[in-house]
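In listed order, ligands and their atoms are each counted from 1. Since the model is a prediction, treat every value here as computed from it, not as a measurement.
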Amino acid sequence: GTTLGASAAESGRYFGTAVAANKLSDSTYVGILNREFNSVTPENEMKWDATEPSQNNFTFGNADRIVNHARANGMRVRGHALAWHSQQPGWAQSLSGSALRSAMVNHITRVATYYRGKIHSWDVVNEAFADGGSGARRDSNLQRTGNDWIEVAFRTARAADPDAKLCYNDYNTDGQNAKSNAVYAMVQDFKARGVPIDCVGFQSHFNPQSPVPSDYQANLQRFANLGVEVQITELDIEGSGQAQADNYGRVIRACLAVARCTGITVWGIRDSDSWRASGTPLLFDGSGNKKPAYTSTLNAL
Ligand code: XIL
C-alpha cells in the first residue's frame with residue numbers, strides 16, 4: 001500500500017490517529033487524515049468532562065463532528081474513554097461512594113447507548129493501575145467506590161453496546177513489569193469469571209526515560225494469549241531522524257508479529273498536533289511533510 005491505512009488493511013489491521021474536532025476545519029490536517037488513516041480516536045471529545053459537563057446533561061456536538069467525519073470517510077471510531085480518574089467534570093470530582101458509582105454507571109450507559117453501533121472499540125476503563133512496583137490499583141475517587149468498579153464498568157458498557165469491543169487501556173504497561181503484570185492478572189480473572197472484556201490497549205507513549213521496551217512484542221503476545229485482542233492505542237515516540245524511525249519500525253513490526261494485534265493508533269498527526277508541549281514525536285512535521293518515521297512505519301506495515 002501507499003498509505004498507512006491501506007498498508008495496515010493488507011494484513012487486516014487498521015491504522016488510526018487521535019483527532020481533535022477543532023482541527024477539522026484545517027485543510028492540511030484533514031487532507032492527511034483522509035489520505036492516510038482509516039480509524040480515529042477523539043482526543044478529548046468523548047471524555048467525561050466533554051460529554052456530561054453537568055450531571056445528566058449530555059453534550060455530544062464535538063464528538064459527533066468526529067464520528068460523522070469518520071463515517072462519511074469510511075473510518076472506524078475508537079471510543080475514548082468511558083471511565084477514567086482524569087478529565088472528570090467538577091461535579092463528578094466532588095462525588096464519592098454510591099453517588100459516584102451510580103453516576104459512573106449512568107454515564108457509561110448514556111454515552112455507550114448514544115453511540116451504539118458506531119464504535120469499533122471502546123476504552124471502557126483508562127489508567128486504573130498505579131505506576132511503580134506495587135501492582136496496586138491507582139488511588140482515585142472511582143477506586144474508592146470499591147474494587148469492583150472496573151468490572152461494573154465493563155458489564156455496563158456491554159449491556160449498552162453489545163457489538164463494540166470493550167478495552168482496558170493504560171500506559172507503562174508496554175513491557176513486562178509490575179504494572180502490566182497486575183493488568184494481566186485482572187484480564188485473566190475477568191476471562192475466568194466471564195466479565196466481558198475483548199481487548200487491551202497499550203498507549204505506547206515513548207521517550208528517552210520510557211523507551212520502547214525490549215520485550216514489547218512478548219508482552220503484547222502474552223496478553224493476546226489470554227484470548228483478548230491487543231491494540232496500540234496512543235503511539236508517539238520522542239526523538240527525530242533515523243533513531244526515531246527505527247523505534248517506530250520496531251513498534252509496528254511487534255504488532256504485525258502478533259496475530260491478535262489488530263490495529264495501531266498514533267496520538268496525533270503532525271508534531272504540532274501532539275499533546276506533548278515540546279518535541280517531535282509524530283509521523284508528520286509541523287508543515288504536514290512525511291518524516292523518516294513515516295517512511296519507516298509504512299515500510300514495516
Ligand atoms: C491527552 C490529550 O491529548 C490532551 O489534549 C489533553 O489535554 C490531555 O489528555 N493518556 C490518555 C489520553 O489516555 O486521553 C491523553 O490525552 C494522553 C494520555
Query raised in the report: Looking only at protein heavy atoms, which one is nearest to atom 7 (O) of ligand 1, and how far off is it?
Result: Asn44 OD1, 4.2 Å
Requested in this report: Look at atom 8 (C) of ligand 1 and say which protein heavy atom is nearest, naming residue and atom and giving the distance to 0.1 Å.
Outcome: Gln87 OE1, 3.4 Å
Query raised in the report: Taking non-hydrogen atoms only, is Trp267 closer than 4.0 angstrom to ligand 1 via side chain, backbone, both or neither?
Result: side chain
Query - Lys47 NZ: over 12 foreign heavy atoms closer than 6.0 Å - result: yes
Query - Atom indices of ligand 1, in the order listed, that fall short of 4.0 Å to a heavy atom of Trp84 - result: 14 (O)
Query - Step-by-step side chain to side chain contact (heavy atoms under 4.5 Å, CB included) determination, Cys167 to Val124 - result: CA-CA 6 Å; Cys167 303; Val124 177; over 6 Å; no
Query raised in the report: In terms of side-chain heavy atoms, does Asn169 have a donor or acceptor partner in Gln231 at a distance below 3.5 Å?
Result: no
Report task. Could you check atom 11 (C) of ligand 1 against the protein and tell me its nearest heavy-atom contact, residue, atom and distance included? Result -> Glu234 OE1, 3.0 Å
Report task. Answer with side chain, backbone, both or neither: which part of Asn126 has a heavy atom less than 4.0 angstrom from an atom of ligand 1? Result -> side chain
Query raised in the report: Do we see a donor-acceptor contact under 3.5 Å between the side chains of Gln55 and Asn106?
Result: no
Query - Parallel, tilted or perpendicular, as decided by the 30° and 60° cut-offs, for the rings of Phe37 and Phe15 - result: tilted
**Report entry** Donor + acceptor pair across side chains of Trp84, Glu127 (<3.5 Å)
**Finding:** yes
Requested in this report: For atom 1 (C) of ligand 1, find the nearest protein heavy atom and state the residue, atom name and distance (0.1 Å precision).
Outcome: Lys47 NZ, 3.7 Å
Query - Protein contact of atom 3 (O) of ligand 1 - nearest heavy atom, named by residue and atom, plus distance - result: Glu43 OE2, 2.4 Å
